Amino acid sequence: MGIYDIIVIGGGPAGVTAAVYARRKLLKTLLISKNIGGQVLQTDNIENYTGYEGRSGAGLADIFERQLEAVSAEVASDVAVEVTRDGAVFMVRCEDGEYRGRAVIATGGSSAKRLGVPGEEAYLGKGVCVCATCDAPMTRKKDVAVIGGGNAALQSAELLAKFANKVYLVHRRGALRADAILVERLRKVQNVEFMLGKEVLEIKGSAKVEAIRVRDGASGKEMDVPVQKVFVEIGMEVKLDYIKGLADMNEYGQVIVDRLQRTSCRGLFAAGDITDLPYRQAIIASGQGAVAALAAYDYILESS
Ligand SMILES: Cc1cc2nc3c(=O)[nH]c(=O)nc-3n(C[C@H](O)[C@H](O)[C@H](O)COP(=O)(O)OP(=O)(O)OC[C@H]3O[C@@H](n4cnc5c(N)ncnc54)[C@H](O)[C@@H]3O)c2cc1C
């Protein structure tokens with residue numbers, strides 16, 4: 001089995017950019033992923049990826065594919081299961097094969113935790129949103145619901161209140177988990193209504209979202225709340241099981257990186273949503289992917 005200079009795990013913005021940069025340094029590069037595009041495939045509208053004007057995520061993923069082809073990056077349609085290090089060489093064990101590399105760039109991405117209610121998956125990207133930073137400007141003059149009771153939910157509600165007509169903060173418990181200072185600030189925002197102790201049962205609509213059905217925990221009474229957008233803010237799950245034990249993680253299970261995207265394991269770099277940077281955006285993932293590839297290139301030169 002030959003040895004790659006760099007093995008990139010993941011085909012989202014971070015992984016694709018890392019592979020493109022690695023190839024432009026003429027490194028023997030393998031990208032392992034079942035898809036090209038990652039989470040951007042899940043959205044109908046990307047408006048904040050510089051150079052790409054308000055079009056579908058699938059369209060951006062097509063451009064990623066063309067860029068990988070243009071640099072002749074090798075792609076294995078596989079899923080990484082475990083990465084181990086033997087001296088200066090990494091072994092990446094996948095579901096269908098094993099690959100060896102001198103450096104690894106991990107970019108498995110993340111996914112928003114789901115409520116698991118009817119309508120949620122069907123309207124994802126069509127009214128159900130998982131990223132207020134991405135979609136807040138699209139809520140002008142709309143009534144929206146933010147589901148969740150932690151800091152992320154309250155910060156999203158605060159941002160959305162600047163754009164939307166009305167923001168309902170819906171939380172199934174009677175008390176919020178968010179920092180008191182955030183709660184206090186949000187209570188003063190005129191167009192925010194707290195709906196505590198209300199469980200979301202369903203996201204309803206026709207072509208687009210039209211309402212959420214909620215049940216009051218105390219009375220058991222159900223009602224529809226008319227909204228055009230629903231922001232699910234109940235936490236994120238990072239996908240990095242395959243490097244667990246190899247690199248240091250923070251309390252949220254994200255991999256800790258320095259400003260060159262280096263992890264605590266020499267030769268193992270990480271980029272995008274799996275890292276401890278608090279911002280989850282496609283352009284940021286791409287930027288981190290570029291840095292990771294350039295730093296991996298330097299690492300390979302130094303260790304040759
Ligand atoms: C509905 C939605 C709308 C969004 N809208 C925007 C927006 O408008 N603007 C914006 O900037 N951001 C947006 N985001 C966020 C943005 O898409 C992410 O921040 C970005 O895609 C993260 O890039 P990434 O490469 O780190 O991870 P991902 O895009 O999650 O890519 C991870 C890749 O790794 C692969 N992978 C995972 N595990 C393995 C494994 N074990 N082996 C091999 N491959 C693996 C996945 O299949 C995927 O290809 C949106 C996200 C969603 C869900």
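Counting from 1, the numbers follow the sequence of the chain as shown. Predicted model only: the values in this text are computed from it and were never measured. Numbering of ligands and ligand atoms starts at 1, following listing order.
Closer than 4.0 angstrom to ligand 1 sit non-hydrogen atoms from Ile9, Gly10, Gly11, Gly12, Pro13, Ala14, Ile32, Ser33, Asn35, Gly38, Gln39, Val40, Gln42, Thr43, Asn45, Ile46, Asn48, Asp78, Val79, Ala80, Thr107, Gly108, Gly109, Ser110, Val130, Cys134, Tyr242, Gly272, Asp273, Arg280, Gln281, Ala282, Ala285.
Checked against disulfide (SG to SG under 2.5 Å), Cys131 has the following partners two or more places apart in sequence or in another chain: Cys134.
Rounding to the nearest 0.5 angstrom, the gap separating the CD1 atom in Ile9 from the CZ atom in Phe90 is 10.0 Å.
Residue Ile36 is tested with Glu65, Arg66, Gln67 for a side chain to side chain contact (heavy atoms under 4.5 Å, CB included); the sole match is Glu65.
Within the 4.5 Å cutoff, the side chain of Phe194 has heavy atoms near those of the Leu176 side chain. Contact annotation: the side chain of Val104 approaches that of Val92 to within less than 4.5 Å [non-hydrogen atoms, C-beta and beyond].
Annotation: cation-pi pair Arg55/Tyr52 present, NZ/CZ under 6.0 Å from the ring centroid and within 45° of its normal.
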